[in-house]
Visitor: 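To start, I am sharing the structure in question, which I have written as structure tokens.
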Amino acid sequence: MKNLQAARVFENIAALMEISGESPFKVNAYRNAANTFASLTDDLEQLAARGELRSIPGVGEAIEKKTLEILETGTCGLYERLKQQFPLTILELLDLPGVGARTVRALYEGLGVDSLEALENAARAGRVQQLPRMGAKAEQRILESIERLRARPSGIPIARALPLAVALATRMQGSPGVLQAVAAGGVRRFGELVPCVTVAVVAEDPQEALQAFLREAGGTVLEAGEERAAVRLSGGEEAECFAGRPENAGAVLIRATGSQAHLRRLEALAAERGYSFEGVTLLNPRGESLSCPDEESFYFALGMSPVPPELREDRGEVEAALKGDLPALIQSSDLKGDLHAHTVFSDGSGTLEQMAEAARRLGYEYLAITDHSQALTVARGLTPERLNEQGQLIDAFNASGTDIRLLKGVEVDIRPDGSLDLPDESLAALDWVVASIHSHFALSRQEMTERAVRALSSPFVHVQAHPTGRLIGSRDPHALDVDALIEAAARAGKALEINSYPERLDLSAENARKAADAGVKIVVSTDSHHPAHLPKVSYGIGTARRAGLTAGDVLNTLPLDALLEWSRSRR
DNA sequence: GCCGTTTTCGGCCCGACTGTTTTCAGTCG
């Protein structure tokens, strides 16, 4: 599995080229390839073997050649040359907000700064402010950013770990003797950052399956036991595989899925019954293996209801399962539509018709078209005139006898003072108004909270999108009193979004739970910018399930008429 | 470097904001 390795090499090439002052378009080509590879669920090596690398969008002659080189040798000539020019540790500096490629180059050339540590020392010594266009303020900001960066939780973001786990499982599924292979571990529980990429395998010969895992995964072997194998992948991530026989399939899956805290509770419950849950086997008091061909039979054997993976954190789910009152978690099939999607009118790449067709294929009744508003110039945001023009096209589409309804909507920008970027009369003409923050992230906590709360108080807004602005593993949530926002949403009867973008998952499961407890309706939307993004709602659903949400908590489980009724009743 | 075609070159998201200057480079979305 070398997808992430190739992605990392191209990511680093792009960054080093940018620092060296290469053409931004060239840089972008490498960065684009890196992002594509990182979220690819097909295996690059298999694509390469079939000669299909060029079929990946953004892969041309040069990147194909380098990809083959990386798959073969782990690196490529260009990368090695760039690494001679700059030490790799210099890339740490780019993680600092406010520090871009030019600044990194100035720091390197002017002060010899080539790592976070070196920058910290230089800033403390007051040397950074001596550089041109740098001042005391910038120096202070750098020191603060370094501190925040160090405090950031570690782990593999689910946006990377999940595709990788699925790809590994798919490869294992094709191995001889493997009956079942699934992505397990933290990604199956929909953790945001996972320590490790985990696969669970059921096979007649678990030993053979683990050997197959070691071959398929590649990298450095960390463990090659009887029930578990682990490797350090060539991209630096850890991957593990649990394997067991079909009669133990339930125990294998449960062990591989975790969490550690949940497993500790199950082991204790097993002990209370005279059983023992060791490794991937459940043993009776005589030390004989108890058959549990699926997870349900394992949980039943312990006298409890089966616990959905997303809840396995020992946060009350064990007690609930023992009493048999676990919530009936929402499923993808409960959704009747998506309420956040972009088209070619702003920064999306699908037409109204293409987006509608993608939604129809998911079995939806409706899709809200919510392109950006005018303030977001980079995204070619809509003026009132263009919004109106789009509305007429949507009307025409809906009148054309299609079985999916497009809702007229917008993703209106929330200005720094909390006012909205479109006049009331524009918003009043719409079925669905999403409000969100895309600029001025550096406001104080109080200013940001007032801003967000004020936006929700507009009678035309239905939902606030990606409320905290975080990007998992790369951007902290902006300073915001989420509790105050939830309270305001509850008061105003407005909804909050779980944005399904794998890098966002915003609201987080924790905040979504709080919102639901406060009586706030949740919208699980994709923020799709391409027809192929709509199925990524599975990430939002995973987050909603982790929050313990049921279909009743989520607004877009309502059929069209009821949703429109809700929308109208807000005004 | 990729892509698409008005098909082998020219275009590729571009304007606001910030901190530093004193006219603007760099970052960000």
Side-chain angles (χ1 to χ4, degrees), chain A residues 6 9-11 13-37 53-67 69 76-79 82 93-110 128-142 144-145 342-349 371-383 411 413-417 421 436-443 447 465-466 468-471 474-476 478 499 501 503-504 506 527 529-530:
Chain A
V9 172
F10 284 127
E11 215 168 75
I13 285 177
L16 291 171
M17 277 184 148
E18 201 174 12
I19 293 168
S20 79
E22 259 291 0
S23 144
F25 299 112
K26 212 162 157 177
V27 169
N28 192 44
Y30 283 108
R31 186 157 287 147
N32 180 34
N35 290 338
T36 307
F37 288 179
L53 287 178
R54 291 287 281 275
S55 70
I56 304 171
V59 177
E61 193 184 341
I63 289 183
E64 179 194 36
K65 195 159 156 263
K66 293 181 179 76
T67 304
E69 211 180 330
C76 66
L78 171 64
Y79 188 38
L82 284 165
L93 306 178
L94 288 172
D95 290 336
L96 295 168
V99 175
R102 303 286 182 125
T103 307
V104 170
R105 189 174 176 185
L107 287 165
Y108 183 61
E109 288 179 350
V128 169
Q129 55 177 302
Q130 290 162 9
L131 287 175
R133 299 206 156 269
M134 285 284 204
K137 226 168 172 175
E139 191 172 72
Q140 190 51 38
R141 218 171 20 116
I142 281 175
E144 285 163 14
S145 301
H342 297 270
T343 71
V344 288
F345 270 78
S346 66
D347 60 349
S349 49
D371 275 307
H372 290 288
S373 65
Q374 51 197 356
L376 214 59
T377 49
V378 280
R380 299 190 308 278
L382 301 186
T383 58
E411 180 179 10
D413 247 60
I414 301 173
R415 298 196 189 108
D417 67 355
D421 179 41
S436 45
I437 287 172
H438 292 108
S439 62
H440 295 88
F441 287 107
L443 296 185
E447 288 169 324
H466 44 75
T468 78
R470 69 150 177 190
L471 295 175
S474 65
R475 187 171 75 201
D476 293 330
H478 47 237
N499 187 290
Y501 247 70
E503 293 81 5
R504 288 192 184 271
D506 182 11
D527 198 356
H529 285 71
H530 187 280

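Worth knowing before you read on, the calculation uses all heavy atoms, side chains too, and leaves out hydrogens, waters and symmetry mates. Each chain gets a letter, A, B and so on, in the order its sequence line appears, and its residues count up from 1.
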Visitor: Please give, in whole Å, the distance from B:dT27 C1' to A:Asp95 CG?
Guide: 15 Å
Visitor: In whole angstrom, what separates A:His438's NE2 from B:dC17's C1'?
Guide: 17 Å
Visitor: Within the 4.0 Å heavy-atom criterion, would you say A:Pro24 contacts the bases, only the backbone, or no part of the nucleic acid?
Guide: nothing
Visitor: For B:dT20 versus B:dA25, give the span between their C1' atoms, rounded off to a whole number of Å.
Guide: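 Straight-line distance between the two C1' atoms is 9 Å.
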Visitor: How is A:Arg141 classified with respect to the nucleic acid when contacts are heavy atoms under 4.0 Å: base, sugar-phosphate, or nothing?
Guide: nothing
Visitor: Determine the Euclidean distance between corresponding C1' atoms of B:dG10 and B:dT5; express it in Å to zero decimal places.
Guide: 11 Å
Visitor: Assess whether side-chain contact (heavy atoms from CB on, under 4.5 Å) is satisfied between A:Cys76 and A:Ile13, documenting all intermediate values.
Guide: CA-CA 10 Å; A:Cys76 66; A:Ile13 285 177; 3.9 Å; yes
Visitor: Would you say the side-chain atoms of A:Ser346 pair up with the backbone N or O of A:Gly381, donor to acceptor, closer than 3.5 Å?
Guide: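 Side chain of A:Ser346 to backbone of A:Gly381, a donor-acceptor pair under 3.5 Å: no, none is there.
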Visitor: From NZ of A:Lys26 over to C1' of B:dG10, roughly how many Å is that when rounded to an integer?
Guide: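 Spelled out: NZ on A:Lys26 to C1' on B:dG10 is 16 Å.
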Visitor: With rounding to the closest Å, how many angstrom separate the P atoms on B:dT6 and B:dG11?
Guide: 15 Å
Visitor: Taking the same atom, C1', in B:dC2 and in B:dT7, what whole-Å distance lies between them?
Guide: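 My reading of the C1' atoms in B:dC2 and B:dT7 gives 15 Å.
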Visitor: So if I take every side-chain heavy atom of A:Pro97 and compare against B:dC2, B:dC28, B:dC12, which nucleotide ends up nearest?
Guide: B:dC28
Visitor: I'd like to know if A:Arg31 and A:Glu18 make a salt bridge, using a cut-off of under 4.0 Å between side-chain N and carboxylate O.
Guide: yes
Visitor: A:Lys137 or A:Ala379: which one's nearest nucleotide on DNA chain B is closer to the 5' end?
Guide: A:Ala379
Visitor: Measure OH/A:Tyr108 against C1'/B:dG26 and give the value in whole Å, please.
Guide: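 Nearest whole value for this atom pair: 21 Å.
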Visitor: Is there side-chain contact between A:His478 and A:Arg470, with heavy atoms separated by less than 4.5 Å?
Guide: no
Visitor: Which whole-number value in Å describes the distance from A:Ile19 CD1 to B:dG26 C1'?
Guide: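 After rounding, the reported distance stands at 14 Å.
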Visitor: Using the C1' atoms only, state how far B:dT21 lies from B:dG26, rounded to an integer number of Å.
Guide: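 Those two atoms are separated by 13 Å.
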Visitor: Counting neighbours of CZ on A:Arg102 that are heavy atoms of other residues, nucleotides or ligands and sit closer than 6.0 Å, is the number greater than 12?
Guide: no
Visitor: Quick check for you: among B:dC2, B:dC17, B:dG19, whose closest atom lies nearest to any side-chain atom of A:His440?
Guide: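 Closest nucleotide among those given: B:dC17.
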Visitor: Using Watson-Crick or G-U wobble geometry with both distances below 3.5 Å, tell me the partner of B:dA25, or none.
Guide: B:dT18
Visitor: Could you tell me the separation between the CG atom of A:Asn28 and the P atom of B:dG11, rounded to a whole number of Å?
Guide: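 One finds 17 Å between P of B:dG11 and CG of A:Asn28, rounded.
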Visitor: Between protein and nucleotides 3-9 of chain B, what N or O pairs are separated by less than 3.5 Å?
Guide:
residue	atom	partner	partner atom	Å
B:dC3	OP1	A:Gly58	N	2.7

Visitor: Mind checking A:Val27 for me? I need base, sugar-phosphate or nothing, with any heavy atom below 4.0 Å counting as a touch.
Guide: nothing
Visitor: Heavy-atom nearest nucleotide on DNA chain B for A:Glu64 versus A:Leu376: which residue maps closer to 5'?
Guide: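 Nearest nucleotide further toward 5': that of A:Glu64.
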Visitor: By the 4.0 Å heavy-atom rule, please label A:Ala375 as base, sugar-phosphate, or nothing.
Guide: nothing
Visitor: Nearest 0.5 Å please: distance from the OG atom of A:Ser55 over to the CG atom of A:Leu53.
Guide: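 So the OG of A:Ser55 and the CG of A:Leu53 are separated by 7.5 Å.
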Visitor: Select one nucleotide: of B:dG19, B:dC2, B:dC28, the one nearest the side-chain heavy atoms of A:Ala138.
Guide: B:dG19
Visitor: Is there a side-chain polar atom (N or O) of A:Ser439 under 4.0 Å from OP1 or OP2 of B:dA16?
Guide: no
Visitor: Report the distance from atom CZ of A:Arg102 to atom P of B:dC24, rounded to the nearest whole Å.
Guide: 15 Å
Visitor: So, do A:Phe10 and A:Lys66 sit near enough that their side-chain heavy atoms are less than 4.5 Å apart?
Guide: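 Answer yes - side chains close enough.
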Visitor: Please classify the nucleic acid contact of A:Arg133 as base, sugar-phosphate, or nothing, using heavy-atom distances under 4.0 Å.
Guide: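 Touches a base.
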Visitor: Does any donor atom in the side chain of A:His342 or A:Asp527 lie under 3.5 Å from an acceptor atom in the other side chain?
Guide: yes
Visitor: For the residue pair A:Glu411 and A:Ser436, confirm or rule out a side-chain donor-acceptor distance under 3.5 Å.
Guide: yes
Visitor: Please report the distance, rounded to the nearest Å, between CE in A:Met17 and C1' in B:dC2.
Guide: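 The answer, rounded to whole Å, is 13 Å.
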Visitor: I'd like the C1' distance from B:dG19 over to B:dT23, given in whole Å.
Guide: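 Result for the C1' pair: 13 Å, nearest Å.
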